[in-house]
Amino acid sequence: MKLIIAVIKPFKLEEVREALTTIGVQGLMVSEVKGYGRQSGHTEIYRGAEYVVNFVPKIKLELVVPDAMVDKVVEALASTAKTGKIGDGKVFVLNVEQALRVRTGETGDDAL
Amino acid sequence: MKLIIAVIKPFKLEEVREALTTIGVQGLMVSEVKGYGRQSGHTEIYRGAEYVVNFVPKIKLELVVPDAMVDKVVEALASTAKTGKIGDGKVFVLNVEQALRVRTGETGDDAL
Amino acid sequence: MKLIIAVIKPFKLEEVREALTTIGVQGLMVSEVKGYGRQSGHTEIYRGAEYVVNFVPKIKLELVVPDAMVDKVVEALASTAKTGKIGDGKVFVLNVEQALRVRTGETGDDAL
Amino acid sequence: MTDKGISGVRMTMKRLTNFAGVAAMTALAATPALAQEPITFDKGDIAWMSVSTILVLLMTLPGLALFYGGLVRSKNMLSVLTQVFSIVAIVAVIWIVYGYSLAFSDGGALNLYVGGLSKMFLAGMDLNTPAATFSNGVYIPEYLFVMFQMTFACITPALIVGAFAERVKFSALIVFVVLWVTLIYFPMAHMVWWWGGPDYFAAQATALAAATAAGDTAAAEAAQAALSANGLLFNWGALDFAGGTVVHINAGIAGLVGCLVIGKRVGYGKESMPPHSLVMTMIGGALLWVGWFGFNAGSNLEANAVSVLAMLNTFTATAGAAVAWLLAEWAMKGKPSLLGLVTGAVAGLVAVTPASGWGGPVGCMFLGIVAGVVCLIFCTTVKNAFGYDDSLDVFGVHCIAGIIGAIGTGILVNPGLGGAGIPDYISQPGSLIVADYVFGTAVWAQVKAVIFTLLFSGIGSFIIFKIVDIVIGLRPSVDTEREGLDLAEHGERAYTV
Amino acid sequence: MTDKGISGVRMTMKRLTNFAGVAAMTALAATPALAQEPITFDKGDIAWMSVSTILVLLMTLPGLALFYGGLVRSKNMLSVLTQVFSIVAIVAVIWIVYGYSLAFSDGGALNLYVGGLSKMFLAGMDLNTPAATFSNGVYIPEYLFVMFQMTFACITPALIVGAFAERVKFSALIVFVVLWVTLIYFPMAHMVWWWGGPDYFAAQATALAAATAAGDTAAAEAAQAALSANGLLFNWGALDFAGGTVVHINAGIAGLVGCLVIGKRVGYGKESMPPHSLVMTMIGGALLWVGWFGFNAGSNLEANAVSVLAMLNTFTATAGAAVAWLLAEWAMKGKPSLLGLVTGAVAGLVAVTPASGWGGPVGCMFLGIVAGVVCLIFCTTVKNAFGYDDSLDVFGVHCIAGIIGAIGTGILVNPGLGGAGIPDYISQPGSLIVADYVFGTAVWAQVKAVIFTLLFSGIGSFIIFKIVDIVIGLRPSVDTEREGLDLAEHGERAYTV
Amino acid sequence: MTDKGISGVRMTMKRLTNFAGVAAMTALAATPALAQEPITFDKGDIAWMSVSTILVLLMTLPGLALFYGGLVRSKNMLSVLTQVFSIVAIVAVIWIVYGYSLAFSDGGALNLYVGGLSKMFLAGMDLNTPAATFSNGVYIPEYLFVMFQMTFACITPALIVGAFAERVKFSALIVFVVLWVTLIYFPMAHMVWWWGGPDYFAAQATALAAATAAGDTAAAEAAQAALSANGLLFNWGALDFAGGTVVHINAGIAGLVGCLVIGKRVGYGKESMPPHSLVMTMIGGALLWVGWFGFNAGSNLEANAVSVLAMLNTFTATAGAAVAWLLAEWAMKGKPSLLGLVTGAVAGLVAVTPASGWGGPVGCMFLGIVAGVVCLIFCTTVKNAFGYDDSLDVFGVHCIAGIIGAIGTGILVNPGLGGAGIPDYISQPGSLIVADYVFGTAVWAQVKAVIFTLLFSGIGSFIIFKIVDIVIGLRPSVDTEREGLDLAEHGERAYTV
Ligand SMILES: Nc1ncnc2c1ncn2[C@@H]1O[C@H](COP(=O)(O)OP(=O)(O)O)[C@@H](O)[C@H]1O
Ligand SMILES: Nc1ncnc2c1ncn2[C@@H]1O[C@H](COP(=O)(O)OP(=O)(O)O)[C@@H](O)[C@H]1O
Ligand SMILES: Nc1ncnc2c1ncn2[C@@H]1O[C@H](COP(=O)(O)OP(=O)(O)O)[C@@H](O)[C@H]1O
């Protein structure tokens, strides 16, 4: 099993989720993160004070999938999350040694 | 060392934390995530507009433990996080190559 | 490539980010987490009700870097995040098997 | 024309006891004196009472809604706001349909306990219909009195919901509220506030004197009957300037009963349930303070030095209570908290409510200080000792401070303590004089009123809660409670950031 | 001295039609009668109208700003607040410079449609300048009238922004507002509210009678001319107590036109756009309710039984509408929502605005119920059917409820239904009597006013939007819209937790 | 009975200088004239002044608390709210105990600088005790005056806390506030606002004339003495309608001193410290605007055309300043910000405070425009140049705008500019006439008052801060500051979502 971590633009979330569901992904975790990268941030001014904010709001997806599905998932992410503009995000793949479904105690691919 | 990632139901957090502490876990990270899975979401209506929300609020735990402790921790998680109802969550185990305690510079298991 | 996960004290974020940028880190993800560890939490009282909060607000950094950079990054983190007081945080290193830049489709180190 | 008034007896109790229990069907029917002279309204009174009405709405919406809402978990925020807001709207409609009539019309044979139906849909009122104040010869439009009193009827049931917040079914609550205002609130208001008004009293007193002189016993009895054709507690001589019994003790005990019938929140004592936004609670508390001036000073029904005094008392008692709670908590718990400060202010506002027109500014400041400390102890030590889950301390703040205020009023009214003294409209018909103050009688009348309210509202509310529980079920499912009432019951989320 | 008044015609329409169209340049110049007698102001009126003015500001800031702001996504929260707040400030400045003059001064040849420039910078006014009310012989300081009316001019354009919230360029909006108040609002206010005042009418009616008797046709014609030297809709006999046409229908249709010209939000229908804080919306809605009492009851221009009635009607209609929406939505969608409850209240407030001084409390309660249900259907079914993106339902609530209220006023004014009846200042000069009610005439006058407002404001707003769009561009870039207007246009973030 | 008044001198300064420094122990003791005639209160005045009092509380709670609170980081939100709320409560208690007496009673030998203790616990007052207004023969209940002035005493120290928000120990702050109101505020109020009242002046002026005519020098001197038995700045002839010097310059300079003594926030300049909720700041700013009408127009002490003018001026100046800041910032920084808009409004409110009853609506609009632009420059360029950490710009907004307003008042009072003119109660005893305007004298009196206030309050506050710092320590530990004052000092969290 692999853990796929993807960073995407917030407004892409629904689209990506649907794409993943259609290719058979059964579950994932979503969290809001502040992203730092090539995409530049913005400046805020409050009366006298000017603040340069280097972070851009992003959505992080984490999902564990069977080895067999990895490529499909990465492709799906790559295609749906893409706008072609800077800041589209990344996809990372890590190895997962064990998985467990709390409710049933199932392990391995069955847990996903 | 292993990184254990667990997704659980929010109201289980305190119970789980205590269970982990009792079996000797010394630290962990907690974050709020939106979970997508078999557990269905809900519908919100604002005047004319209806929105189907597929995500369910979940708590994500991340903790790095010595290899020796992994099974104990997974068991503890499995038992305390369990309600038997859909949406109880998952536990994933990944390998960690290095660990460092910033304050002391200790590395490896000592860092945990 | 390696995924470096670091937990630090919130007010250290800017300092750390700058340090990482100067040594050539091109991107990272920041998220707010609640940390549990040796550093003790606090107590809140609302009229009659007393709540012991065991969690301390922390910042989690996640960045994927080429193998070559790992040590430099860990050092940078260790030095800048350090206050010497309990609760400074940790750094963990995990292996990453694949990386992809959504915008360009670049993979591997080029994706970072 | 109609005569009625607000707040406890304004005649010596001695006199009344003679008449106690005498029925007075016809008394209010004929009021020739007033029928003749044309009544004009003072624009200053209209301005002030209009403002007071607006202020009482403000203290409820958004005031009370935010004060309560900020104290629950965010998943239940909207449920509290919806409860308070809908209670105001629904009770306002009921008030026009039959509520006002049940509270402020002659109840015939039941007049001691409740009004009649003669004023349903505000029957018989127009722009010129006057309502009596507490000054001889001073009137305001009855429409204005209807509206001012309406805001009281709207806020009282809304106070109750805090006691069982986060765990009540909306449908059940609405049914409960409709029954409760009908069976508990309207009668209470009638029993405490229904009387003939100063001029009516003067007329009857004069008639009584004349009849007695002429030895016309029949006429004398009729006049006596007329003089006691008031609400039960009014006849007892209980003093309640702005609603300590009718509003706060009444709602407070109903809340306690409710939280006991419904039971504790899931996870109470185990999971932590901190207020989700003390900022909202502070805004609500501040607006309660601001709006309460209309509640208390408006209860004088006209703009004069007495309304000013009621306002000043409301200010000093609140400040005193807030400071008292802050310092006491600081000493007891080691930290001065915003929630304590604001809760103290509310305790002071509640305590001064019945006393506002009777006591002096310094006396009321001390009344506030007492209320602040006692309620603090109640909401912390006592509540934890008994272990009931009065989510937002409706009982600990409103009922307890209400009792302190009700009894305190009996003491502070004493002119010797800078109080206004107990009024006597009868000895010198047409002018208001102060009767001698007798500690025992004054305080006993207050105690009786408190006990009556606790029993009447406590038992009545219990029965209503039980009926609703059996018929509809008061409590949502555990899963619903865990998910939060906002999504489950209202299909909305308070915050989407 | 100056005479003017607020709210629809207060004379029998029959009489006016004789004079229709007659120009009256000199009419307002000479008003000897008043010039002689020294005018004093009642302190109760000053207190009440000062409060009313403050209340209308409160309902705009923070009221309307929060009601709207809570409904947008957090990334656009500040843009809405900034729009509402800056509109108030800018229009207030314009009002002093020339707005008041265009609305409330004699317009010479254009007097039927718009005022003149004689009162720019409040020229010729001082502490003693009086403004007429609706009672013979009752005046308030013109400074007070200027200020009260200023708050109306400030809130009306602010209502519009809700229709195209989250997608308009700030610079373009400001230019639009300046043009809109100048070309649409000030003329509308003049057409509906500009008249000579009761005493002026009495004087002219007397002169007319005398002249006719003396057979002096010249004098008679002059008097007739003077009697019809009012705004166009005023002469039509349209009843609008507090601004149903001028404020709500006017803003509502302008909003609809705006959201059609600007187009839908990026992602509308695809992405979910839930309100970011219904808590803010509730606070705003509650403050709208509270402040609206100043809006409606203040429109009576003095504190008397009529202002009390207007307030009571405002209360009952709002409660009725809130309950109606709540229950109807509960039945239709399965859940009672806070947003529905609050929106219902606002619909009731809008509907009762033109009727507040004319109907009875029970009639207005039913008016509110109708408005609540109809607007619910409009904001859900109808809107979705047509598929336009009126972000915050400015049209569905303000325009629709405004129309219901305007036409309802024609019905509820009927004394037979507990209404106040159509006033006649002329038959018995110097005293206000009620003219016979003729259903057809009364309702037709209202319908005409509604249609005129829809056309005048609809077409006028369309032209202004188009011009601004061409010259400046109404809409920000897609990326700006995605990032949110707060950061992009104002360089600020609403919340940093 | 007591005579006293609010706002700067209302007699020609020429006249007063003759009497300067003459003590007048007995002057206020005997006021036979008033003792005889029975004094009645106008219900319109009572209604208006009651409302004004409520409005000033509203502008403080929740107004000021939110305006400030929104600007700090969320971890310090509650600390600000607690500070403001507790200051109001504590100062209110002090006010009743001895504050009012120190500000508004005869100070005997020290009368030029501070009042005495004769009115501690409001000794000697009852429902009928009158307080003078600025019109001959017009009085309000002293209880009402006590209450209205109490709200001023409550808000002034609360204004200070913004200057060193996020870094002060609660205990130390409370001690500072108690000392500050006692040693700085009460004396300032006495020096600016303590005078005999119109009727008292008339009586003395008549006596003076008679004595002089009769050649009775002793009597003449006594009368002269009586005429100058006022506060020091009052005798200087400084004009301050609603508290520009006493409230805003006073608090503004104290704030600056405080932030310098306490030092910068940890991380100031390095870490970013954006406002945590501009929404709260907007709500607070809007409520400041709403409440300020009570502050300014209420300072007229009665409801008449002057209170109306003060209200209109408050409106135009605020609108002018808000627009000015918005546009200037847009031009200078490239973006129009909500915070700028709201801050501009507050600057306008501050600037118009001393001028509200003296200037004309157009003049005050320009005063506001000037204040908006100057304060913008001050809060940005100047502040950054000096690099002090006045967290919420108490100095940049309140002190600077206060100075602009104080001096502007000396100019705008000129009838030639539409001002009310400098009043003369003495030349024609019993009636208020306007004295000739002399630019130099008028402005110089203002400048003197400003300088005096800056020095008196600046030095006094410095000493108090230092003492508190030594005895208790003003500043919490660095760790406490990092964790946030809410948890560390109050054991609470503002938001738990
Ligand atoms: N090395 C990295 N490790 C982890 N996250 C990264 C890394 N580089 C970029 N990211 C994430 O991806 C987001 C997009 O990257 P960015 O460089 O801005 O644009 P692009 O992906 O188009 O090159 C960043 O906001 C950040 O959250
Ligand atoms: N493949 C997955 N990868 C990562 N997280 C997952 C995955 N599947 C489920 N989850 C997380 O676990 C939670 C519970 O899963 P769900 O399928 O709803 O119920 P159950 O665990 O009982 O089967 C989800 O809300 C999601 O956050
Ligand atoms: N075993 C662990 N796995 C994951 N995170 C940990 C672990 N131990 C500590 N942490 C994180 O590091 C933070 C600091 O750890 P703590 O024990 O409090 O201080 P120190 O790092 O100085 O020993 C904790 O708040 C927690 O977020």
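Quick note on labels: first sequence line is chain A, next is B, and so on, each numbered from 1.
- Residue E/Leu58 touches chain F through both its backbone and its side chain, counting heavy-atom pairs closer than 4.5 Å.
- Contact annotation for F/Thr316: only side-chain heavy atoms (C-beta onward) come within less than 4.5 Å of a heavy atom of chain E.
- Contacts with chain F were tallied for E/Ser79, E/Pro141, E/Ser171; E/Ser171 has the most, counting heavy-atom pairs under 4.5 Å.
- Of the atoms belonging to E/Thr151, it is side-chain heavy atoms, and not backbone ones, that fall under 4.5 Å from chain F.
- With a 6.0 Å radius and a threshold of 12 heavy atoms from other residues, nucleotides or ligands, F/Phe366 has its CZ atom at or below the threshold.
- Contact detail for E/Ala92 and F/Ala319: the closest heavy-atom pair is CB-CB, 3.7 Å.
- No part of F/Ile46 comes within reach of chain E, as not one of its non-hydrogen atoms sits under 4.5 angstrom from that chain.
- Only the side chain of E/Val97 comes within less than 4.5 Å of a heavy atom in chain F; its backbone stays farther off.
- If you measure heavy-atom distances from F/Leu312 to chain E, the contacts under 4.5 Å come from both the backbone and the side chain.
- Contacts of F/Val290 with chain E are made by both backbone and side-chain atoms, with heavy-atom separations under 4.5 Å.
- Contact count versus chain F (heavy atoms, under 4.5 Å) is highest, among E/Leu61, E/Ile96, E/Leu81, for E/Leu81.
- One distance of note links CG of E/Leu66 with CD1 of F/Ile283; it measures 4.5 Å at 0.5 Å rounding.
- In this structure, the portions of E/Leu127 lying under 4.5 Å from any heavy atom of chain F include both its backbone and its side chain.
- Of all heavy-atom pairs spanning E/Ala89 and F/Ala322, the tightest one is CB-CB, 3.9 Å.
- Not one N or O on the side chain of F/His276 forms a donor-acceptor pair closer than 3.5 Å with the backbone of E/Thr496.
- For E/Glu492 (side chain) and F/Leu278 (main-chain N/O), no donor-acceptor pair under 3.5 Å exists by modelled atom type.
- E/Tyr495 has its side chain out of reach of F/Tyr495: every pair of non-hydrogen atoms, C-beta onward, lies at least 4.5 Å apart.
- With respect to F/Asp42 and E/Lys43, no salt bridge is recorded, no charged nitrogen being found less than 4.0 Å from a carboxylate O.
- Of the atoms belonging to E/Ala123, not a single heavy atom falls under 4.5 Å from chain F.
- With a threshold of 4.5 angstrom between heavy atoms, F/Ala297 does not approach chain E through any atom at all.
- For the atom pair CG (E/Asp486) and OG (F/Ser337), the distance works out to 11.5 Å, reported to the nearest 0.5 Å.
- Proximity of E/Val88 to F/Trp289: side-chain heavy atoms (C-beta onward) are separated by under 4.5 Å at one or more points.
- E/Phe41 contributes atom CZ, which lies 10.0 Å from atom CG of F/Asn304 (distance to the nearest 0.5 angstrom).
- Taking NE2 of E/His490 as the start and CG of F/Leu341 as the end, the distance is 9.5 Å to the nearest 0.5 Å.
- For F/Ser52, no part lies near chain E; criterion is any non-hydrogen pair under 4.5 Å.
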Please evaluate residues E/Trp95 and F/Phe315 with respect to the criterion side-chain contact (heavy atoms from CB on, under 4.5 Å), reporting the C-alpha separation (whole Å), side-chain torsions for both, the decisive distance (0.1 Å), and the verdict.
CA-CA 11 Å; E/Trp95 185 251; F/Phe315 217 129; over 6 Å; no
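- Of the two parts of F/Met280, only the side chain, counted from C-beta on, holds a non-hydrogen atom closer than 4.5 Å to a non-hydrogen atom of chain E.
- With a threshold of 4.5 angstrom between heavy atoms, F/Pro361 approaches chain E through side-chain atoms but not through N, CA, C or O.
- Contact of E/Met150 with chain F is made through the side chain alone, with heavy-atom distances under 4.5 Å.
- Rounded to the nearest 0.5 Å, atoms CH2 (F/Trp292) and CG (E/Leu57) are 14.0 Å apart.
- Taking 4.5 Å as the limit, some side-chain heavy atom of E/Pro62 sits within range of a side-chain heavy atom of F/Leu287.
- Residue F/Phe293 holds its CZ atom at 10.0 Å from OG of E/Ser50, rounded to the nearest 0.5 Å.
- The backbone N or O of F/Lys335 sits nowhere less than 3.5 Å from a side-chain atom of E/Glu489 that would complete a donor-acceptor pair.
- By number of non-hydrogen pairs under 4.5 angstrom with chain E, the leading residue of F/Met311, F/Met365, F/Glu302, F/Met282 is F/Met311.
- In terms of non-hydrogen atom pairs under 4.5 Å with chain F, the most contact-rich of E/Ile54, E/Asp45, E/Thr53 is E/Ile54.
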